[in-house]
Every structure is written in C-alpha cells, then in structure tokens.
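The next block holds one structure in the form of structure tokens; read it before the comments.
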There are 2 protein chains.
Amino acid sequence: MDQADFPTVLRFFKALAHESRLRLLGMVAERAHNVQELAARLDLTEPTASHHLAILRGLGLVTLRVEGNNHWYTLNPDALTQAARAVLSREQVAGLAPGANAPDREQAILRNFVTPEGVLTQIPVNRKKRRVILAWLVRKFDLGRAYSELEVNKILQKHHNDPATLRRDLIGYKMVSRQSGEYRRLEDSEWQP
Amino acid sequence: MDQADFPTVLRFFKALAHESRLRLLGMVAERAHNVQELAARLDLTEPTASHHLAILRGLGLVTLRVEGNNHWYTLNPDALTQAARAVLSREQVAGLAPGANAPDREQAILRNFVTPEGVLTQIPVNRKKRRVILAWLVRKFDLGRAYSELEVNKILQKHHNDPATLRRDLIGYKMVSRQSGEYRRLEDSEWQP
DNA sequence: CTAATGGTTAGATATTTATCTAATTAGATT
DNA sequence: AATCTAATTAGATAAATATCTAACCATTAG
C-alpha cells in the first residue's frame, strides 16, 4: 500500500473489521495453519474459513503454501505494517478526504512542491501553480473563525519557513481576509474560478 | 489502545471499515468541521453523518468542541497512531489469536475446564479457578454497553448450559454489575487483585 | 481405477450495519 | 415567550456481508 490510495485503505480496514478474520490473522501469526485447524478453533465451517482467508489473501495479508491436499496459511507481516502506515500521520489521513485526490493536474503540482509530510520544498513562481499550493494551504484554516497574525504564522510555519510571504499571498489571492489585525479564511466561492 | 485488547482492536477496524467514516476522518484531519459541512460534502443527511461521527467519537478518534449550536469535530491523531501500533508487529497480531492472551497458569486452567471450541465442561468449585474461568467469560462482553438479561444468557449459553449460575457468579465476583435490569461489564481494574 | 481427504465455489438465507424520515433537544435570535 | 438553527435520537427500511449446505475439484491412498 503506497500512498494511502483510498480504495485500498478502505479494503484493508474492511478486511480486518471482522472477528473471525482478526482471529484468523492472529492464528496464522503464531504459525502456519491449514484450513481445518483454523475452522475448528474458530468454530466455523471450512467454507466459511476459506472465504475469510480468500479475503485476507486478496490483500496480501496472508500467504498460502500448498502442500499436497493441505493449504498452509501464514501471516505476511510486511503487508500489515505497510498498511498501518497509511493511518500513522495526520497528512496521510487528510488524504482520505473527498476530493483530496481529485484533480490529477493539481495533485501532480502538489507532489512536486510538497513532501509527503506536508512541507513545501519551494513556493512556485508560476501563478497557476502558486494558486494550487495556496488553495491547499488555505484548507489548513477553519472557516468562520478569526486568527491572529501569530496563529496564522504558526500554522504556515509547519509547511514552510517563510510564513510571511505565504500569508501575504493568501490575502493577495483573496483566500484570506485581514480586517483590523484579524485574519479569516474566505469561502472557496470567493476566489474560485 | 494499550495492549491489543481484542474487542477494542475489532471496534477500531469496524469504525474505519466504511467509506463515509474514512472520508469524515479525512476531512476532520484537514481542519475542524461542523456536522452540516461534513454531511454536505459527503452527500449524506445530517443524522447519518452524526451517527458516523458518534462511532468515531466513541473510539476517541475524533474530538468534539461545542460552540453554541455548532459542533466542531477534529481529528485526534494520537488515537489513530496508537491504534495502528496494534497491528505493527507479528507479536501484536498473534495476540489476537483466540486464547492467546492468558498467562500460563491461567491457560492451563482454561484448558482443563474449557474445550477448544470454547465450551465449559464444568464450573470449577475452587474459587481461584472459578475466578479464572469467569475472567475469561467476562471478556465475551463489551465494555461500556448495557445488556439485557436475555442477551447475557444468550452469550453465556454458548459456553455452558447453565447461564444463570454463571451470570450470578459474574456479579458475585464484581466483574459485571446489574442495575435496574441492565447488565454491564466492569473494567478489569474493578475486580483484579 | 475407486474411494477418501482437504479445499474451494455457488447459491440461498440470515445477520449485521447504513440510511432515511420524523420526532426531539439545546442553544441562539427576535 | 416564540421562533429558528444545528444537532442528535428513535425507529423503520434498505443494503451489504457472513454463514451455511450442496456441489465440485485436486490430490493422495488403497
């Protein structure tokens, strides 16, 4: 599971969201088991166990070794840890929001200028690209709430070491307003095409 | 989520095993949102969004700040990473196997009185042994939820044909409380040495 | 070659979980 | 107070998913 691809993340959680499958995973983490053993210990029929194993296998969470009539299932620990990474950072989770992965072109721009941790490597000179970056940045602010300049800087600081330039740009692009020292995020409709 | 307590791990995965809830989590990871915003962006009704948020909140995955009529939800990133740890190592996953978590002595007692299918062959007369069996039984119940007597019996019935005795013992050992007909599993700390 | 063993596949049914509308609560506004 | 707004709760219905039995496939044993 690379960069928190939504359908895969969802499939992963669905796979683990069932008592029997969690138990199966636990058992094959101890040692290899065949289907009969697994079914017996979980008090399931073999077809049911087989069905669950197929789901786990489809995600690469378990691996199958065939030996005559016996099918030996074991845990694939790498798949698990890789998957768990998908929810380890706030940035990764934010990538699950609807539209977060939407327009390819914008995403490519973000990938070019923003590290996976959410840090800007540089501020684009090109106006259209800068706009994409600023549109992404402005979402770090809540709507309908006032921020002091200090707060604005603190948030921007997380993403770039020159918050002042970004702050001025956000105002220039009418994504943020300033009135008597109070900063407010403006509705998307104020500045979108 | 401390040491991969099975019901909690399961609840966690169930909470995240739904498209809408993953999206919600993504949105509140970006910034605080109120219920209307969330419902609108996900094309759900407010009650539905509210329902999902309650599930996420029950697990501590999101936190709620009330401000007048508005309920602002934000991500609780700690809960997420803590939970993800539960599946990071093979040892942790093996802890999900049925019966995996009991220390040796207790496991021996369990083996003596419980079949591999989880059925009690007899209820120990010895208090210490009975305690081990009851401690194992009480984990079949979720914390923080009320059960009717019928539900309690239904669960106990799976493990022994005299659920009434077991039910009374669970209360006697202070592992379960009864108040006005409602049964609740008590925290381990209430009855552990 | 035939029977037995372990496993999977197919399809019907049962269970669980999401979703909606309607009713209700709590805070803000007039 | 009366009304409005945002949110939650309740309860009914709809959708998704698990489970079983029966049928089937592949391999091994007689």
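Each chain gets a letter, A, B and so on, in the order its sequence line appears, and its residues count up from 1. A quick note: this is a predicted structure, and the numbers were derived from the prediction, not measured.
Mapping A:Glu37 and A:Ala17 onto DNA chain C by nearest heavy atom places A:Glu37 at the nucleotide closer to the 5' end. Of the residues near DNA chain C, B:Ser20 and A:Ala49, the one whose nearest nucleotide (by heavy atom distance) lies more toward the 5' end is A:Ala49. Between A:His51 and B:Arg57, the residue anchored nearer the 5' end of DNA chain D, judged by the nucleotide with its closest heavy atom, is B:Arg57.
Considering only side-chain atoms of B:Ser50, the nucleotide from D:dT9, D:dT27, C:dA10 that sits closest is D:dT9. When the nucleotides D:dA7, C:dG7, C:dA10 are ranked by their closest atom to the side chain of B:Gln36, D:dA7 comes out on top. Across D:dT27, C:dA18, C:dA22, the shortest atom-to-atom separation from the side chain of A:Asn69 is found for D:dT27. Closest to the side chain of B:Arg21, from the set C:dG6, D:dT8, C:dA18, is C:dA18. Among the nucleotides D:dT19, C:dA22, C:dA28, the one closest to the side chain of A:His52 is D:dT19. In this structure, of C:dG27, C:dT9, D:dA7, it is D:dA7 that holds the atom nearest to the side chain of B:Val35. For B:Lys14, whose side chain is taken as the heavy atoms from C-beta onward, the closest listed nucleotide among D:dT19, C:dT17, D:dT8 is C:dT17.
In summary, A:Glu37 and A:Arg41 do not engage in a salt bridge, as defined by a charged side-chain N under 4.0 Å from a carboxylate O.
Remark: B:Asn70 is in phosphate contact with D:dA7, judged by side-chain N or O atoms under 4.0 Å from OP1 or OP2. Between D:dT19 and A:Thr48, no contact under 4.0 Å exists linking OP1 or OP2 to a side-chain N or O. Of the side-chain N and O atoms in A:Thr45, one or more sit less than 4.0 angstrom from OP1 or OP2 of D:dC20. At C:dG6, none of the side-chain N or O atoms of A:Tyr73 fall inside 4.0 Å of OP1 or OP2 (strictly under the cut-off).
Taking each heavy atom of B:Ile55 and B:Arg21 in turn, the nearest pair found is CD1-NH1, 3.4 Å.
One interatomic measurement links the two molecules: CZ of A:Phe13 to P of D:dT17, which rounds to 16 Å at whole-angstrom precision. For the pair B:His33 NE2 and D:dA6 P, the computed distance is 16 Å after rounding to whole Å. If you take CG of B:Leu44 and C1' of C:dC20, they are 11 Å apart, rounded to a whole angstrom. Between the CZ atom of A:Arg23 and the C1' atom of D:dA18 there is a distance of 17 Å, rounded to whole Å. Atom pair A:Leu64:CG and C:dG6:C1' shows a separation of 12 Å (rounding to whole Å applied). Computed from coordinates, the B:Arg11 CZ to C:dT17 C1' distance equals 15 Å when rounded to whole Å. What separates CD of B:Glu19 from P of C:dT17 is a distance of 18 Å, to the nearest Å. Residue B:Asp43 contributes atom CG, which lies 12 Å from atom C1' of C:dT19 at whole-angstrom precision.
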- Task: Go through B:His71 and B:Asn34 one step at a time and tell me if the side chain to side chain contact (heavy atoms under 4.5 Å, CB included) criterion holds.
- Result: CA-CA 5 Å; B:His71 288 197; B:Asn34 65 18; 5.7 Å; no
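For the pair A:Arg130 and A:Tyr173, the cation does not sit on the ring face, since its NZ or CZ is not both under 6.0 Å from the ring centre and inside 45° of the axis.
To the nearest 0.5 angstrom, A:Tyr183 atom OH is 10.5 Å from A:Leu150 atom CG. Residue A:Leu75 holds its CG atom at 9.0 Å from CG of A:Asp78, rounded to the nearest 0.5 Å.
Contact annotation for B:Glu46: base contact, defined as any heavy-atom pair under 4.0 Å involving a base atom. A:His18 comes within 4.0 angstrom of sugar-phosphate atoms only, judged by non-hydrogen atoms across all strands, and of no base.
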